[in-house]
There are 2 protein chains.
Amino acid sequence: MKLHVSPDIFPPRGHEAKRLSIVDSAATVFCREGFAGANIDLIAAEAGVSRQTIYNHHGDKERLFVAVVRDLTERCNAGIFATIATFPDQPGDLEADLIGFAVRLNQNCICNRDGKFLRKLIQTEGERYPELFAEWREQGPGRTWPAIAARFARLAYGGHLTIEDPDVAARQFLGLVNAELQTTFMLGGSPREDEVLQSATNGVRTFLRAFGKRRSAASSEKQSALTSA
Amino acid sequence: MKLHVSPDIFPPRGHEAKRLSIVDSAATVFCREGFAGANIDLIAAEAGVSRQTIYNHHGDKERLFVAVVRDLTERCNAGIFATIATFPDQPGDLEADLIGFAVRLNQNCICNRDGKFLRKLIQTEGERYPELFAEWREQGPGRTWPAIAARFARLAYGGHLTIEDPDVAARQFLGLVNAELQTTFMLGGSPREDEVLQSATNGVRTFLRAFGKRRSAASSEKQSALTSA
DNA sequence: ACAAATTTAGACACTCTTGTCTAAATCGTC
DNA sequence: GACGATTTAGACAAGAGTGTCTAAATTTGT
């Protein structure tokens with residue numbers, strides 16, 4: 001019976017620390033081995049914790065897995081929205097600003113540990129836990145894509161871009177900016193920093209050729225030099 | 001001792017039929033359950049074959065897996081090159097022709113059974129079999145992407161497109177054309193036919209806005225109405 | 001330092017899976 | 001129909017993994 005309600009949290013500090021450590025190690029192992037291949041003893045060893053403690057905290061391999069996914073989804077979403085907040089609303093150099101945004105999105109949200117792990121889990125176990133990842137789809141792309149689309153709509157409204165459908169433009173922006181990273185993503189790897197920059201640069205240039213203000217105008221200094229044909 | 005060499009093949013017809021059936025079912029189960037989760041008994045049952053027969057043919061769960069991947073890679077590659085052969089070299093209506101090509105590529109190579117399975121296996125087991133999937137990377141994207149790039153280079157040479165780097169353009173074409181199918185691919189699903197068409201249409205329109213001939217006057221919508229050559 | 005809660009190590013039962021083995025049944029071919 | 005090769009069903013040993021239990025050790029708050 002736990003009646004003497006503590007001011008803030010109930011379990012001692014070390015308790016929550018262990019919980020975190022467990023979820024962290026579980027993420028690593030689940031991603032490396034898959035759900036079926038993951039071994040509770042291995043997770044326990046990697047977390048520096050006894051197997052029984054894992055069962056005390058999460059009760060079950062499956063519930064541990066669900067906790068891992070929820071945890072990753074939450075952290076990734078937070079990162080993505082934080083990055084969306086840096087979207088250039090009043091662009092000085094639109095090309096450079098969009099490239100910067102794309103690189104930040106990749107480095108801080110998609111290629112970092114959480115993003116990589118979440119992507120892997122979605123790919124490998126997505127079909128086994130339809131309801132769990134349907135939730136991700138709603139909370140993840142379902143919320144972030146419209147948010148990015150809204151930023152593009154704002155740029156269009158401000159006269160910096162010519163866009164008919166901001167939702168389509170947003171998805172195409174992401175497609176273009178990651179166009180050269182697809183195979184790496186597929187194989188579960190992390191692209192090097194220069195690869196991310198290269199793909200983002202090429203992607204943004206093409207994006208602006210399609211949606212940037214018509215004519216050379218102020219689109220790019222080098223463009224005027226290049227347009228000779 | 002097998003000395004009386006038969007004219008053509010040694011094992012009877014039924015033999016090879018069983019081998020095919022086994023690899024087929026193994027592909028299904030490996031994709032659904034992952035390597036660790038896949039169950040030889042289940043594969044045997046699905047193939048309508050006894051477990052021992054699987055061991056007779058492939059000897060080992062791991063070697064069975066490798067056989068499955070090689071089989072899928074081979075078939076997918078064949079399909080992709082067959083589709084690349086239909087790339088529009090002398091376009092009548094470039095937009096319609098490119099959309100058609102993109103849809104064929106998706107329907108016949110990426111979204112069909114083999115493509116879906118291979119993608120899933122690369123995603124889930126890519127890190128566990130680096131050498132196996134390095135081979136795929138070379139034989140797959142390493143050969144198909146340049147082939148597509150060559151086709152775009154030809155279009156540019158013929159004056160139908162304005163492209164600096166055909167390799168970049170090819171990757172971006174694929175990125176654009178699949179921009180709206182990413183989440184579905186990630187979750188291992190197959191997009192509906194109309195989704196494929198929609199994504200391809202939007203993608204090709206943007207692609208042509210970026211790389212199409214710069215007669216800005218009648219660039220996008222009215223273009224199809226004007227072209228009669 | 002004390003008392004309560006938490007963690008730990010190890011043993012344990014249980015299930016599942018792989019891969020082997022054997023004898024019987026089936027298949028293909030002559 | 002007969003023969004050789006293949007397939008089959010089932011039993012089997014060996015190993016691995018999950019989840020439970022217990023008693024001892026450790027940590028935490030007071």
Side-chain angles (χ1 to χ4, degrees), chain A residues 1-26 28-68 125 128-129, chain B residues 1-26 28-68 125 128-129:
Chain A
M1 301 254 265
K2 306 171 174 182
L3 292 179
H4 47 104
V5 181
S6 287
D8 265 295
I9 48 171
F10 222 95
R13 289 190 303 279
H15 195 73
E16 198 57 21
K18 290 216 182 284
R19 182 175 222 103
L20 253 288
S21 168
I22 291 170
V23 173
D24 253 39
S25 308
T28 307
V29 176
F30 277 135
C31 286
R32 201 173 56 223
E33 318 281 352
F35 179 81
N39 181 313
I40 299 271
D41 289 311
L42 194 59
I43 295 175
E46 201 140 327
V49 151
S50 86
R51 176 174 60 246
Q52 184 60 43
T53 301
I54 293 185
Y55 284 103
N56 287 344
H57 276 273
H58 297 96
D60 197 306
K61 189 182 183 182
E62 189 151 326
R63 276 189 288 171
L64 172 60
F65 179 78
V66 171
V68 166
E125 310 293 341
R128 189 190 309 282
Y129 298 88
Chain B
M1 301 242 269
K2 305 171 175 184
L3 292 178
H4 48 106
V5 181
S6 287
D8 264 297
I9 48 170
F10 220 94
R13 289 190 303 281
H15 195 72
E16 198 57 23
K18 290 218 184 282
R19 183 175 219 101
L20 254 287
S21 168
I22 290 170
V23 174
D24 253 40
S25 308
T28 308
V29 176
F30 277 135
C31 287
R32 202 174 53 222
E33 319 279 353
F35 179 81
N39 182 312
I40 300 271
D41 289 310
L42 194 57
I43 296 175
E46 202 139 328
V49 151
S50 86
R51 174 173 61 246
Q52 185 60 43
T53 302
I54 294 185
Y55 285 104
N56 287 345
H57 277 272
H58 296 97
D60 197 307
K61 189 181 181 181
E62 189 151 327
R63 276 190 287 170
L64 173 59
F65 179 77
V66 171
V68 166
E125 310 293 341
R128 189 189 311 279
Y129 298 88

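Each chain gets a letter, A, B and so on, in the order the sequences are listed, and its residues count up from 1.
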| said: With a cut-off of less than 4.0 Å, is there a side-chain N or O of K18(A) near OP1 or OP2 of dT8(C)? | reply: yes
| task | Could you check whether A44(A) gets within reach of a base, just the sugar-phosphate, or nothing at all, counting any heavy atom under 4.0 Å? | result | nothing
| task | Indicate, with a heavy-atom threshold strictly under 4.0 Å, whether A38(A) touches base, sugar-phosphate, or nothing. | result | sugar-phosphate
| Residues which pass side-chain hydrogen bond (donor to acceptor under 3.5 Å, both in side chains) with E125(A), listed by chain and number, not counting sequence neighbours | R128(A)
| query | What residues form a side-chain hydrogen bond (donor to acceptor under 3.5 Å, both in side chains) with T53(B), not counting sequence neighbours? | reply | S50(B)
| task | Applying side-chain hydrogen bond (donor to acceptor under 3.5 Å, both in side chains), name anything that partners Q52(B), two or more places apart in sequence or on another chain. | result | N56(B)
| task | Can you tell me the distance, in whole Å, between the CD atom of E33(A) and the P atom of dT18(D)? | result | 11 Å
| message | Expressed as a whole number of angstroms, how long is the span from K61(B):NZ to dG19(C):C1'? | response | 12 Å
| field | Rounded distance (nearest 0.5 Å) linking atom CD of E46(B) with atom OG1 of T28(B) | value | 5.5 Å
| remark: Rounded to 10°, the helix from dA1(C)-dT30(D) to dC30(C)-dG1(D) deviates from straight, judged by its five-pair end axes, by 40°
| query | Can you name the salt bridge (Lys or Arg N to Asp or Glu O under 4.0 Å) partners of D41(B), sequence neighbours left out? | reply | R51(B)
| For the atom pair CD1 (I43(A)) and OG (S21(A)), what is the distance rounded to the nearest 0.5 Å? | 11.0 Å
| query | Looking only at side-chain N and O atoms, does N39(A) come under 4.0 Å of OP1 or OP2 in dT18(D)? | reply | yes
Identify the pairs formed between an N or O of the protein and an N or O of nucleotides 23-26 of chain D at a distance under 3.5 Å, and give each distance.
none

| task | Please report the shortest heavy-atom distance between I54(B) and V49(B), naming the atom on each side. | result | CG1-CG1, 4.3 Å
| request: Take atom CG of L64(B) and atom C1' of dG19(C), then tell me their distance rounded to the nearest Å. | output: 13 Å
| Given atom CD1 of I22(B) and atom P of dT7(D), what is their separation to the nearest angstrom? | 8 Å
| D41(B) CG - dT18(C) C1' separation (whole Å) | 9 Å
| Any residue of residues 46-59 of chain A with a heavy atom less than 4.0 Å from an atom of DNA chain D | R51(A), Q52(A), Y55(A)
Under 3.5 Å, which donor-acceptor pairs do the side chains of residues 58-65 of chain A form with other protein atoms, sequence neighbours left out?
from	atom 1	to	atom 2	distance (Å)
D60(A)	OD1	E62(A)	N	2.9
K61(A)	NZ	F35(A)	O	2.9
K61(A)	NZ	A38(A)	O	3.0

| Could you give the CG-to-P distance, from D60(B) to dT18(C), as a whole number of Å? | 11 Å
